[in-house]
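Since the structure comes first, as structure tokens, the remarks are kept for the end.
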Amino acid sequence: MIIGKDIIEQHNKNEAENFQADFDFLQNKLTKSGVNVAEIVNKISDFQVAIPSWALGAGGTRFGRFSYGGEPSSLEQKLDDVGLLHALTHSAGAVSLHIPWDIPGDVKAIKEKAASHGLIFDAMNSNTFQDQPGAKQSYKFGSLNAVNEDARAYAVEHNKEVIRIGKELDSKSLTVWLADGASFPGQLNFQTALSNTEKSLKEIYAGMPEDWKLFIEYKPYEPNFYSTTIQDWGTSFMLANACGERAYTLVDLGHHLPNTNIEQIVATLMYKGKLGGFHFNDSKYGDDDLTVGSIKPYALFLIFNELVYGMENNPNNPYPAWMIDASHNIKDPLEDLLQSLEAILIAYAQALLVDQKALKAAQLNNDVVGAQDILQNAYRTDVRPLLKAARLKTGAALDPVAAYRNLKVRENLITERGLNVKATGL
């Protein structure tokens, strides 16, 4: 299914009157406060978030998986689905592939398919957390940290193969997430596991092109429940420093223990120039992989406040790679992704409204009440008209979810692909 500009323009005509009234009211209010509305709209228009190839089908739990119908059963169809998201929002202009789930059969054709949707290939993702059919080594007891030297070499070679595929697709980065760890005390030696992991990552780093970045992800638990070798941002930061200047920490919102101060982690990493990427989702208890902003929208805003500050004040930190990493267990995957994109842009727009000079003055004067008011005034501003203005500027739908439903996208996908298809990958 292809959504043309004329279809979106027709949808926008039905929404235009209400949008213009809301936008005029907000613009007048913000302008009186000294806000450059046009500049903020431009920044929202430019903000792009990568869609992972594994997020386009129904997710699941350890107990079951419920298909949604019309799921993409090939990489080509996944690119078509990301193309739908990008046509509706103009903020999903990149795709992040997971190997070996989505190995391109014909690289030239895949690149042409992506280009036809205005997409580029973002970070590549390796998989050493599950054994593939015909695998010569097993990751049951670890991959990059394994005591078995052959298993470690096998995992390193897989990452190098992912880099080779990424080079052909014009990607510029590799994300490494390890399930390596232990479920029982005494199962492994912590120092040996960490040493093996560092050696393996250095070997992978040495095999990257000079213009590539390495993103090292972390997670406190799951699938191992006693220890994870790269369990927190500090371990990731340490390993990134050991690898080299083009190695960075990647922050996944779900990969933290409850009530962790993620915004402080973000600020610290950007201060040190080592925040490489960001995976967006939301959680109540652990790595729930829920729709972005569905549980803790204020926490998301506070994180973006630090991201916006860091992007302005930490030139030593590269522009972060943004990606959604969620699991759609009971929602239409594409609607879930549309909601996540909306939440990300809302938090970004709210953070752009923070008066950083006034906030700095309040901090220097120890004005705790004033500092809180500055943040909460920005957070409580309904910035959705700014998002709509950005979409109107780029030719996207004013209300992507409404357009998706009015155009019966899921029904059309089921007609084209069938009801009982299952997305490739996880």
Side-chain angles (χ1 to χ4, degrees), residues 1-24 26-27 37-38 40-51 53 55-56 68-95 109-122 324 331-346 349 383-418 421:
M1 181 180 181
I2 297 176
I3 302 177
K5 292 182 179 180
D6 55 334
I7 296 176
I8 291 178
E9 287 176 359
Q10 184 58 47
H11 164 78
N12 287 346
K13 286 181 180 178
N14 300 329
E15 302 280 338
E17 185 175 344
N18 289 335
F19 153 71
Q20 197 61 53
D22 291 342
F23 179 73
D24 290 343
L26 181 59
Q27 182 181 41
V37 174
I40 290 179
V41 169
N42 287 337
K43 288 184 176 181
I44 297 170
S45 301
D46 292 338
F47 199 88
Q48 298 294 314
V49 183
I51 305 297
S53 59
L56 299 161
Y68 214 87
E71 295 183 32
S73 57
S74 67
L75 177 53
E76 288 81 1
Q77 290 182 349
K78 290 182 178 183
L79 293 176
D80 286 338
D81 282 6
V82 179
L84 289 171
L85 295 173
H86 193 45
L88 289 169
T89 66
H90 278 229
S91 57
V95 60
I110 287 297
K111 290 175 70 174
E112 290 175 352
K113 168 70 77 170
S116 72
H117 293 301
L119 306 175
I120 62 171
F121 290 95
D122 201 70
I324 296 173
K331 288 182 181 178
D332 178 330
L334 297 183
E335 287 190 339
D336 190 296
L337 289 164
L338 289 173
Q339 287 184 314
S340 286
L341 287 167
E342 176 89 354
I344 291 167
L345 291 175
I346 284 175
V383 296
R384 288 176 295 178
L386 300 179
L387 271 61
K388 291 183 177 182
R391 291 183 183 128
L392 193 63
K393 176 183 176 182
T394 60
L398 286 171
D399 188 336
V401 172
Y404 180 90
R405 293 190 166 191
N406 291 338
L407 296 171
K408 300 185 181 302
V409 174
R410 180 55 58 183
E411 291 88 336
N412 278 281
L413 292 176
I414 292 173
T415 299
E416 293 174 8
R417 301 170 182 172
V421 292

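Predicted model, so just to flag it, every value in this text is computed and none were measured.
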Listed by chain and number, what are the side chain to side chain contact (heavy atoms under 4.5 Å, CB included) partners of Ser73, not counting sequence neighbours?
Gln77
Looking at residues at least two apart in the chain, or sitting in another chain, which of them share a side chain to side chain contact (heavy atoms under 4.5 Å, CB included) with Ser91?
Thr89, Leu341, Leu345
Nearest-0.5 Å distance, CD of residue Gln339 to CG of residue Leu337
9.5 Å
Which pairs, with at least one residue in residues 4-18 and sequence neighbours excluded, count as a side-chain hydrogen bond (donor to acceptor under 3.5 Å, both in side chains)?
none
Identify, with sequence neighbours excluded, every residue that meets side-chain hydrogen bond (donor to acceptor under 3.5 Å, both in side chains) alongside Asp22.
none
Between the main-chain N or O of Asp332 and the side-chain N or O of Asp336, is there a donor-acceptor pair closer than 3.5 Å?
no
What residues, two or more places apart in sequence or in another chain, satisfy ring-ring contact (aromatic ring centres under 6.0 Å, His included) together with Phe47?
Trp322, Tyr348
Excluding sequence neighbours, so at least two apart, what forms side-chain hydrogen bond (donor to acceptor under 3.5 Å, both in side chains) with Ser340?
none
So OH of Tyr404 and CG of Leu338: to nearest 0.5 Å the spacing works out to 7.5 Å
If every non-hydrogen atom of Ile51 is compared with every non-hydrogen atom of Ala92, which pair is closest and at what distance?
CG1-CB, 3.8 Å
Pro333 versus Ala55, closest heavy-atom pair with distance:
CB-O, 3.9 Å
Just by distance, do the side chain of His90 and the backbone of Thr394 share a donor-acceptor pair under 3.5 Å?
yes
Answer yes or no: is there a donor N or O on one side and an acceptor on the other, between the side chain of Asn412 and the main chain of Leu407, under 3.5 Å?
yes
Review item, side-chain donor-acceptor pairs of residues 114-122, under 3.5 Å, at least two apart:
residue : atom : partner : partner atom : Å
Ser116  : OG   : Lys113  : O            : 2.5
His117  : NE2  : Asp80   : OD1          : 2.8

Under a 4.0 Å threshold between the charged nitrogen and the carboxylate oxygen, would Arg405 count as salt-bridged to Glu335?
yes
Would you say the side chain of Val409 lies within less than 4.5 Å of the side chain of Ile3, judging by non-hydrogen atoms?
yes
Taking only Lys NZ, Arg NE, NH1 and NH2, and the carboxylate oxygens of Asp or Glu, determine whether Asp81 and Arg417 approach each other closer than 4.0 Å.
yes
Provide the full list of salt bridge (charged side-chain N to carboxylate O under 4.0 Å, His left out) pairs with a residue in residues 68-78, sequence neighbours left out, each pair given once.
Arg65-Glu71, Lys78-Asp102
Could you tell me which non-hydrogen atom of Ala389 sits nearest to which non-hydrogen atom of Phe23, and how far apart they are?
CB-CE1, 3.7 Å
So, using side-chain hydrogen bond (donor to acceptor under 3.5 Å, both in side chains) as the criterion, who are the partners of Gln27 when residues are at least two apart?
none
Residues two or more places apart in sequence or in another chain: which of them pass side chain to side chain contact (heavy atoms under 4.5 Å, CB included) with Glu416?
Met1, Leu413
Among all residues two or more places apart in sequence or in another chain, which pass the side chain to side chain contact (heavy atoms under 4.5 Å, CB included) test with Ile414?
Arg410, Leu419
Side-chain touch Pro72/Leu56, heavy atoms, less than 4.5 angstrom
yes
What distance do Lys388 atom NZ and Glu342 atom CD have between them, rounded to the nearest 0.5 Å?
8.0 Å
Tell me every residue that passes side-chain hydrogen bond (donor to acceptor under 3.5 Å, both in side chains) with Asp399, counting only those two or more places apart in sequence or in another chain.
none
Considering all heavy atoms of both residues, which atom of Ala390 and which atom of Ile44 are nearest to each other, and what is their separation?
CB-CG2, 3.6 Å
Distance check, rounded to the nearest 0.5 Å: Leu79 atom CG versus Leu84 atom CG?
11.0 Å
